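Not measured: the values here are computed from a predicted model. Start at 1 and go down the list; that is how both ligands and their atoms are numbered.
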Amino acid sequence: MAYGFDTLQIHAGARPDPATGARQTPVYQTTAYVFRDADHAAALFNLQEVGYIYSRLTNPTVAVLQERMATLEGGAGAVCCSSGHAAQIMALFPLMGPGCNVVVSTRLYGGSVTQFSQTIKRFGWSAKFVDIDDADAIRAAIDDDTRAVFCESIANPGGHIADLNAVAKVADEAGLPLIVDNTSATPYLCRPIEHGATLVVHSMTKFLTGNGTVTGGVVVDSGNFNWSASGKFPSLSEPEPAYHGLKFHETFGPLAFTFHGIAVGLRDLGMTLNPQAAHYTLLGIETLSLRMERHCENARKVAGWLEKHPAVDHVTYAGLDSSPYFSRVKDICPRGAGGLFTVALKDGYDACVKLVDSLELFSHVANLGDTRSLIIHSASTTHRQLTPEQQAAAGAEPDVVRISIGIEDADDIIADLDQGLAKATG
Ligand SMILES: *Cc1c(COP(=O)(O)O)cnc(C)c1O
């Protein structure tokens, strides 16, 4: 039977605990697992049998979350990681090698811009930044050393929506996987695999857990990419010396990326999600659809109100019909444009900083996707390490604040912004 999203967000991957009947997924707070005998241990270490060895690789609580995320995204498998940033490295790790590059959107979370423009160079990797709305620019940036195209579905901070079908087409024509960061949308609003994405990454820290308790990440693999076709992905298509010459793609088919992520990625990079964090995230996901509906409804109301406020220059929320991205909502995220947008104030930088300091209900934090409404001045914080040009390209200019709308009463959120704007621009 094919269950709907609301049912799957509660049940996918979970079953009553076989030992105790516990209905909620137990937190398996254990480092290691007892082998039945020496043959069993050898088979597990050889990847001939699937089972639990050591919690850096696999853990039953984390496994439920992996199966749930794979199901909700419509993928073949998933690997959970210690943070969203860890998930991005884990997504690229099997694809890249020294000298390889990834073509990425300029409209990314500030930390991702830094990770891609600076840190990955230490691995001998590089990133080429392009306007993801410009298919010709993506095509022109792709060269023989490109191993993936990367973008966000609903981009942080501006809420710009990528035309995933168009980007996937360009990647596909070049024989490359498209990796989509679906953090701001969640699978309730957008399912990138249905638009041609190969891999989907998340910071589970945000809407998936939903109440600001943990950091976590996940890579979901569609299982659709032919890793052996081009010879460009030897980690997946060629013999793996650390596993007696095993070929992941040949052996595991659509689960090649997932098995590699666990057996090589987590084993050797160690960016493992802990079971306690997985537990909080599983609890959060049980109410994902309800929360996302309210986030979207509140964001529409608040963005519509802000747009008419005399102190406001413009609002970037794609759920407003004034947005150039409004027409993409129906196609890419038909259930709503999420809870994240930026507001530009006519009085610029100073008014933005004063607004942040004047709000009472809003929390001034470097986070998003909480039940609480959150605000931050991106240019002086999350996007501070970027050049002015990078800030502008990312939608984090000095005269904008980023708002993550919570699930409080919309009238209370608006009242707080009203008094804050009066103080900031009065
Ligand atoms: C927060 C965030 C990340 C990084 O995730 P962490 O869990 O903080 O490592 C990546 N992408 C987007 C869109 C984010 O909002």
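- Below 4.0 Å from some heavy atom of Gln88 lie the following atoms of ligand 1, by number and element: 10 (C), 11 (N).
- Of all heavy-atom pairs spanning Thr146 and Asp143, the tightest one is OG1-N, 2.9 Å.
- Considering both main-chain and side-chain atoms, Leu368 never comes within under 3.5 Å of ligand 1 through any nitrogen or oxygen pair.
- Not a single heavy atom of Met204 sits closer than 4.0 Å to an atom of ligand 1.
- Ring to ring, Tyr349 and His377 are close: their centroids are under 6.0 angstrom apart.
- Counting heavy-atom neighbours within 6.0 Å of Tyr54 OH, excluding the residue itself, gives a total of 12 or less.
- The distance between the ring centers of Tyr109 and His85 falls below 6.0 angstrom.
- Residue-ligand proximity, Glu152 to ligand 1, at heavy-atom distances under 4.0 Å covers atoms 13 (C).
- Considering backbone and side-chain atoms alike, Ser184 places every N or O at 3.5 Å or more from each N or O of ligand 1.
- An N or O contact shorter than 3.5 Å links Asp181 to ligand 1 by distance.
- Residue Gly84 approaches ligand 1 through these ligand atoms, each under 4.0 Å from one of its heavy atoms: 5 (O), 6 (P), 7 (O), 9 (O).
- Residue, atom and distance of the protein heavy atom nearest to atom 14 (C) of ligand 1 are Lys206 NZ, 3.0 Å.
- Residues satisfying the side chain to side chain donor-acceptor pair (under 3.5 Å) test with Gln385, not counting sequence neighbours, are none.
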Distance-only criterion, 3.5 Å: show the donor-acceptor pairs between side-chain atoms of residues 90-97 and protein atoms not counting sequence neighbours.
none

